[in-house]
Protein chains: 2
Amino acid sequence: MGATKTDHFTESQNELAVLAKALGHPARIAIMEYLLKVDACICGDIVNELPLSQPTVSQHLKELKNAGLIKGSIEGNSICYCINEPGLEKIKVFFEHISDHLANKRNECC
Amino acid sequence: MGATKTDHFTESQNELAVLAKALGHPARIAIMEYLLKVDACICGDIVNELPLSQPTVSQHLKELKNAGLIKGSIEGNSICYCINEPGLEKIKVFFEHISDHLANKRNECC
DNA sequence: ATTTATTATCGTAATATTGCAATATAAATA
DNA sequence: TATTTATATTGCAATATTACGATAATAAAT
């Protein structure tokens, strides 16, 4: 045991879970926020922005990339990272759906 | 090692990470979707809706509750679970911010 | 070609998560 | 009160995540 039973859930559920999981670490939230703040593809200095070692940051970047939340391209002898919109779009839609539901019908039982 | 360095990040970053992490499992996405679908506090049959054992579902419910995404109250000899709006609001705002940023300025470098 | 700078991978230790059987708890009902 | 019903907790095994030092890989600059 210990492994998630992904095959028992829908593709959509697994996809959302992967995206949410990728954001489920403060370092990865910090990376996303930084990429938004500088408003550009950022080449390099993400490591300097975080209180973590270079290998650890590299690993977090890899996870965000695998989840489809950021993308990176080679730019000289550094790598250019930026936000990948399609990935974010999926989560955004999920929360929009939730908001719609909650706005339409307020159940008061709890 | 192995423990997340929460004290090196801001409160907001940790808070968002906790919320995202709670949604980072297909079973918990499924629970949220079910609570939305039935559009009511649901008393009981969540276990029947999921391909997991009762203790496992109970544990997932606990995690969603700890993260502030759902709330539960005792209702006879069962428990009434429903979505906790303030918790969802925080993540929604995070994604709205991201959307705004991306809408305003499209960088084409990647 | 060698150095320098930047990012990725490997190896490993510490910790966390996932899942379930067994058991406990609490309320309703016979 | 005993029984049923619904949910929670405990304990444990399997697996995943987090973090970093050491090392490798890559590409520009010298």
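Labels below follow one simple rule: chain letters A, B, ... track the order of the sequence lines, proteins then strands, and each chain is numbered from 1. All values derive from a computational prediction rather than experimental measurement.
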Separation of K5(A) atom NZ from dA16(D) atom P, in whole Å?
15 Å
Selection: residues 20-28 of chain B, any non-hydrogen atom under 4.0 Å of DNA chain D:
none
Given atom CG of L52(B) and atom P of dT18(C), what is their separation to the nearest angstrom?
11 Å
List the atom of T6(A), the atom of N14(A), and the distance in Å for their closest heavy-atom pair.
O-ND2, 2.8 Å
For residues 53-66 of chain B, which residues have at least one heavy atom under 4.0 Å from DNA chain D?
Q54(B), P55(B), S58(B), K62(B)
Step by step, work out the side chain to side chain contact (heavy atoms under 4.5 Å, CB included) result for I70(A) and M32(A).
CA-CA 8 Å; I70(A) 64 173; M32(A) 295 297 284; 3.6 Å; yes
Residues Q13(A) and T10(A): side-chain donor-acceptor under 3.5 angstrom
yes
Test log, rule side chain to side chain contact (heavy atoms under 4.5 Å, CB included), inputs L50(B) and Y34(B)
CA-CA 10 Å; L50(B) 296 183; Y34(B) 182 64; over 6 Å; no
Please evaluate residues K65(B) and K71(B) with respect to the criterion side chain to side chain contact (heavy atoms under 4.5 Å, CB included), reporting the C-alpha separation (whole Å), side-chain torsions for both, the decisive distance (0.1 Å), and the verdict.
CA-CA 6 Å; K65(B) 202 172 163 186; K71(B) 52 187 172 178; 5.6 Å; no
Are L52(B) and H60(B) close enough, and set up right, to give a side chain to side chain contact (heavy atoms under 4.5 Å, CB included), and what steps lead you there?
CA-CA 10 Å; L52(B) 296 170; H60(B) 283 306; 3.9 Å; yes
Can you tell me if the side-chain N/O atoms of Y81(B) get under 4.0 Å from OP1 or OP2 in dA8(D)?
yes
Roughly, in whole Å, what's the span from CG in L50(B) to C1' in dC20(C)?
15 Å
Tell me: CD1 of I31(B) to P of dT18(C), nearest whole Å?
11 Å
Under 4.5 Å between side-chain heavy atoms, counting indirect links through other Ile/Leu/Val/Met/Phe/Trp/Tyr residues: same cluster for I91(A) and I83(B) or not?
yes
Distance, nearest 0.5 Å, that separates CG of L23(B) from CG of L69(B)
5.0 Å
